[in-house]
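Reading through the structure tokens given below for one structure.
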Amino acid sequence: MTQFLPTGPLPGTRDFFPEEMSVRQLVFAHLYEVVESYGYLRYDAPMLEPFELYASKSSEEIVAQQTYRMTDRGGRDLVMRPEMTPSVARMIAACAGKLQLPARWYSHPNLWRYERKQRGRYREHWQVNVDLFGTESWEAEAEIFEILAEMMFSVGAKTSDFVLRVSDRALVRGALTANGGVPEEKLDALFGALDQFEKLPVEESKKIITALGLDAERVVATITAPEDEFLKLAPTEVALRSNVARVIREGLVTSQPVQLKFDPLIIRGFTYYTSSVFEIFDTDPENRRSIAGGGRYDNLVGLFGKQRIPGIGFGMGDVTLIDFLHTHQIAPAARVGADVQVISPDPAARGPVKQIAHDLRRAGLRVVTPLEPKKLGKQLEKAAREGVRCAVIAGPDELARGAVKLRDLARSEEREVLLSDLAAAVKQAVARSVSTEVKS
RNA sequence: GUGGGUGUAGCUCAGCUGGUAGAGCACCGGCCUGUGGAGCCGGUCGUCGCGGGUUCGAACCCCGUCAUCCACCCCA
């Protein structure tokens, strides 16, 4: 018996069939456009990196348990990149000498983490990474937050659809030590507990905090303080240095208002984040995972060389973003099918059909021609089902007049067009059909 | 790595307390020799996820396994 090979991709990985791919391309085109409108330059790096690039620099769990890790034939210890920031920091360090700062860079890498698949999470995902290097100014935070918001607006999100939750590790540490009575050496353990704070009943969290030898009441009172009060709980000199606090005071300049909220419970696991951290969440509870997340990492580039170059950046994940679009019913309609199919009832007309198709392609249209002889009715039916927008019917009678029939397949409208006017007429028909597409 | 749900045709699913598998949609063809989406007629399509066990007999019960979905951990 024949043993067929499986048709599906590896667990946790995805195939993108043309229909879904067209939706993705339309979405990402908006994101690239926003990022480039802020002057960011695109880069890329290898998907394989040495293990040491991540060891003890990013999240311990990701490195220890969620890496696709392998040894190459030269005995090198490699991982498929689980995140992009270490790679871009390496690249920035590599050209630090000749780099004009600030540097604004972005990329769209495929990233790999060996974890169990669930809503919003696969073993691989595509992340738009945006990073700004070379300044400690609060204006960097302002710019990054604005880009995040504009990316969301560019794909059709409204103000009420998402929240940008921001925090500052230095500020929270300051508040917890000054107001929460937490000694420095217990801060890291406490952050681990606070990461769970929203998911557990308050009493449970208090027990965990007490078990750390801390005053649970004071700690909880500190982290649950209203936003404007919290910002005053840290020592003044710490608060004055907080870029996030400054951005909240100054506000963002965006095309629509943004729900920007200070939230000390935004912790984030990457150990290289030094102060600002932030995440974007869907306001619809159907999507619980962050759509984008990032932070400031002022010491990461310093691991690769003497030059200390501060950085701030974020990743926006395709899985959560596209879940978001579907939940809010703002995903663009898939665009499959060519612009035009050139057919003829006369099999002997192959020459004119091919020539017309060639001319239309030269005019910038996406054109298909039949590969097998079929009845005209079948050809029209197939073309329409494939999503082709219009048909050019090159019959002998019309060709004798130097013309063809142009049929709008969606509207069932047909008229005779001179060959000399055909490209323009087709473009018009295609533009009309695209503008009437309904979003799904 | 941990816990729970689900695996039957390409898709969505039905299949009673075990008696050897069905519908709709889709697909292909015909009615219809230069004009599609409707209708009617016909056709293709299943190791009932996989392996083992119980039974005269298993899609159905039991065990294992794999996949998938959801949650946890972590994170986009």
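All values derive from a computational prediction rather than experimental measurement.
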| task | Quote, to the nearest angstrom, the P distance that separates G46(B) from U6(B). | result | 27 Å

| message | Suppose you measure atom C1' in G51(B) against the same atom in A14(B); what distance do you get, rounded to whole Å? | response | 27 Å

By ring pair (Phe, Tyr, Trp, His ring centres under 6.0 Å), which residues pair with [X], not counting sequence neighbours?
X       : answer
F281(A) : none
F270(A) : Y272(A), Y273(A)
F191(A) : none

| said: Applying ring pair (Phe, Tyr, Trp, His ring centres under 6.0 Å) as the test, list every pair that has at least one member in residues 398-428 of chain A; sequence neighbours left out. | reply: none

| side chain to side chain donor-acceptor pair (under 3.5 Å) involving S242(A) - partner list, sequence neighbours excluded | D168(A)

| remark: Taken in chain and number order and not counting sequence neighbours, the residues that satisfy side chain to side chain donor-acceptor pair (under 3.5 Å) with T222(A) are N179(A)

| Any side chain to side chain donor-acceptor pair (under 3.5 Å) pairs touching residues 123-133 of chain A, not counting sequence neighbours? | R14(A)-E124(A), N110(A)-E124(A), Y114(A)-R123(A), H125(A)-Q127(A), Q127(A)-N129(A), D131(A)-Y297(A)

| task | Scan residues 201-213 of chain A for pairs that pass side chain to side chain donor-acceptor pair (under 3.5 Å), counting only residues two or more places apart or in two chains. | result | K206(A)-E217(A)

| field | Stems where RNA chain B pairs, listed by first number, each of three or more Watson-Crick or G-U pairs under 3.5 Å | value | B:1-7 with B:66-72, B:10-13 with B:22-25, B:27-31 with B:39-43, B:49-53 with B:61-65

| query | Taking only residues at least two apart or on different chains, which pairs with a member in residues 346-355 of chain A satisfy salt bridge (Lys or Arg N to Asp or Glu O under 4.0 Å)? | reply | none

Taking donor-acceptor contacts at under 3.5 Å, does the side chain of [X] reach the base of [N]?
X       : N      : value
E414(A) : U35(B) : yes
E124(A) : A76(B) : no
E398(A) : G34(B) : yes

What pairs of nitrogen or oxygen atoms, one from the protein and one from nucleotides 67-70 of chain B, lie under 3.5 Å apart?
{"unit_1": "C70(B)", "atom_1": "OP2", "unit_2": "R119(A)", "atom_2": "N", "d": "3.1"}

| message | Looking only at the aromatic ring of each residue, does the gap between the centers of F262(A) and F278(A) stay below 6.0 angstrom? | response | no

| query | Is there a residue in residues 284-303 of chain A whose heavy atoms reach under 4.0 Å of RNA chain B, and which residues are they? | reply | R289(A), S290(A), I291(A), A292(A), G293(A)

